[in-house]
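See structure below.
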Amino acid sequence: MIEIGGRKIGPGHPVYVIAEACDNHLGDVGAAREMIRQAKLAGADAIKFQHHLPDDEMLPDVPMSDNFDIPLYEFLKKHALSLDAHRTLKTFAEEIGIVYLCTPFSWKAAQELETLGIAAYKIGSGEMTDVPTLARIAGLGKPMIVSTGMCTFEEIDRTYEALTSRGVPLALMNCVSEYPPVYEDISLGVIQKMQTRYPRAVIGHSDHTPDLYTSFAAVTLGACLIEKHVILDKRQPGPDQSVSIDFRDLASLVDGIRKIEAAMGSEKRIHEREQSIRTWAFRSLLTTRPVSKGSVLTAEAIWSKRPGTGIPSHRMDEVIGLRAKIDIPANALLSWSDLESA
C-alpha cells in the first residue's frame with residue numbers, strides 16, 4: 001500500500017484515478033485550470049501535469065516521435081508550463097479538493113517541483129530506466145508512480161530493486177508506449193504477473209487507448225491505479241490528442257470503476273433483493289390433468305410451472321407414486337397436504 005494526500009492506495013482500497021493532463025493545455029494556464037476543474041467534477045482523485053525543462057531533458061535534435069508534428073524540443077519550448085504556472089495551478093487544485101501531481105522529466109525539474117510540496121512524483125516510461133535520476137528523486141522521500149511502457153521485465157526489475165531498496169513507497173504502472181496502441185499489444189495479463197513479481201509495489205495501469213474498455217478490464221484484474229490522458233476538446237490538435245479522452249468520458253470512467261468495485265465481491269449467497277423474486281421466478285409442481293381422489297400420481301400427470309410457492313420442481317421424483325387425498329383439478333399447484341403414501 002502507498003498513501004498520497006491522505007488517500008490509501010492498494011488492494012482493498014478504492015482504485016486511484018489519475019487524469020493525465022500532459023501538455024494538452026498547450027501552455028495555456030486558463031485551459032489547464034479548466035482541466036483541473038473538470039477532473040474534479042468527473043470524480044478523479046488526482047490531476048497530473050508535466051514539468052519540462054527542455055535543455056535539462058534532451059538535446060535539441062532528439063529524433064521525432066510519430067505522434068508529433070514538430071520536434072519535441074520545439075514543442076516544449078513553446079508550450080511547457082513554467083514553475084510559477086505549476087504553483088498557481090496547484091493552489092487552485094488544493095482549493096477545489098483534488099490532488100495535484102506532476103512528472104519531472106529531469107532531476108532539476110524534480111528539485112523545482114519539490115519547492116511546491118508535490119505529494120508524489122509520477123515517472124514516465126521514458127525515464128523508467130534512468131536509475132541515477134530516479135534514485136535522486138527517491139531521496140526526496142515522496143511516493144513514486146513509475147510507468148513501465150517499452151521496458152522489459154529485466155529493466156523493470158532493476159528499477160524496482162533500486163527504488164524499493166531505498167524504502168520509497170512505489171507504484172508500478174502496466175503500460176504500452178504506443179500512441180495509440182493496438183489492442184493486441186495491451187497485454188492486460190501482465191498486470192497479474194507484475195503483482196506476483198513486484199510484491200513491494202502497488203500495481204496500476206496507465207492507458208493510452210482512446211476509449212475506456214481496457215481501463216475497466218484492468219480494474220477487474222486488480223489494477224489499483226488507473227491513469228488516463230484527458231483533453232478539453234477531442235478536436236484540438238496536439239501530441240497526445242489521439243490517446244486522450246474528454247472529461248465526459250472521464251466521468252464515465254470514474255463512474256464505471258466505482259460500479260465495478262462494488263460488483264467485485266466473491267461471496268455466493270441469496271441476496272435480500274432476490275428473495276421476493278424467488279417466489280415467482282422458480283418453478284413448482286402442478287397437475288397436467290385432473291387427478292381423482294385415491295389416484296396415484298404418474299410422471300405424465302405432473303410437470304412444473306411458475307410460481308415457486310408450491311412443491312419445488314426438483315422434488316418431482318419424490319411426488320411421483322404418491323396418492324391424491326382429494327380430487328385435484330388440472331393445472332393446480334400441488335401441496336404436500338393433498339398427498340399421501342400409496
Rounded to the nearest 0.5 Å, how far does [atom2] of [Y] lie from [atom1] of [X]?
X: Leu286; Y: Ile302; atom1: CG; atom2: CD1; result: 9.0 Å
X: Asp233; Y: Ser244; atom1: CG; atom2: OG; result: 11.5 Å
X: Cys102; Y: Ile118; atom1: SG; atom2: CD1; result: 5.5 Å
X: Asp157; Y: Cys151; atom1: CG; atom2: SG; result: 11.0 Å
X: Gln236; Y: His25; atom1: CD; atom2: NE2; result: 10.0 Å
X: Leu334; Y: Leu297; atom1: CG; atom2: CG; result: 6.0 Å

Using the ring of each side chain (for Trp, its six-membered ring), is His52 parallel, tilted or perpendicular to Phe105, with breaks at 30° and 60°?
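Because their plane-to-plane angle is under 30°, the rings of His52 and Phe105 count as parallel.
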
Extract all donor-acceptor atom pairs below 3.5 Å that involve side chains of residues 324-331 and protein atoms in other chains or at least two apart in sequence.
from	atom 1	to	atom 2	distance (Å)
Lys325	NZ	Ser337	O	3.3
Asp327	OD1	Lys293	N	2.6
Asn331	OD1	Lys305	NZ	3.0

Transitive ILVMFWY cluster of [X], excluding itself - 4.5 Å side-chain cut-off:
X: Leu225; answer: Ile2, Ile4, Ile9, Tyr16, Ile18, Val99, Leu101, Ile145, Met173, Val202
X: Val182; answer: none
X: Met1; answer: none
X: Met150; answer: none

Can you name the side-chain hydrogen bond (donor to acceptor under 3.5 Å, both in side chains) partners of Glu34, sequence neighbours left out?
Arg37, Gln38

Could you pull out all residues at least two apart from Glu161 that satisfy side-chain hydrogen bond (donor to acceptor under 3.5 Å, both in side chains)?
Arg200

Listing request: all side-chain hydrogen bond (donor to acceptor under 3.5 Å, both in side chains) pairs with a residue in residues 272-284, at least two apart in sequence or in separate chains.
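For residues 272-284: none.
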
Would [X] and [Y] show up in the same hydrophobic cluster when neighbours are defined by side-chain heavy atoms closer than 4.5 Å?
X: Leu339; Y: Ile320; answer: yes
X: Leu170; Y: Leu140; answer: yes
X: Val254; Y: Leu41; answer: no

Would Glu114 and Lys142 pass as an ion pair if we require N to O under 4.0 Å?
yes

Using a 3.5 Å distance criterion without hydrogens, assess whether the side chain of [X] forms a donor-acceptor pair with backbone atoms of [Y].
X: Ser147; Y: Gly124; value: no
X: Lys48; Y: Ala19; value: no
X: His86; Y: Gln50; value: yes

Between Phe92 and the options Arg33, Arg87, Lys40, the side chain to side chain contact (heavy atoms under 4.5 Å, CB included) test singles out Arg33

Could you tell me whether Arg306 atom CZ has more than 12 heavy atoms of other residues or ligands within 6.0 Å of it?
yes

Among residues two or more places apart or on two chains, list those pairs meeting salt bridge (charged side-chain N to carboxylate O under 4.0 Å, His left out) that have a residue in residues 94-104.
Lys90-Glu94

Verdict with reasoning, Asp207 to Thr209, per side-chain hydrogen bond (donor to acceptor under 3.5 Å, both in side chains)
CA-CA 6 Å; Asp207 196 277; Thr209 65; 2.4 Å; yes

ring-ring contact (aromatic ring centres under 6.0 Å, His included) partners of Tyr160, counting only residues at least two apart:
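Checked Tyr160 against ring-ring contact (aromatic ring centres under 6.0 Å, His included); matches are Tyr198.
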
Enumerate the ring-ring contact (aromatic ring centres under 6.0 Å, His included) contacts for residues 213-241, please, sequence neighbours excluded, ordered by first and then second residue.
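Those involving residues 213-241 are His208-His229.
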
Any ring-ring contact (aromatic ring centres under 6.0 Å, His included) pairs touching residues 315-342, not counting sequence neighbours?
none

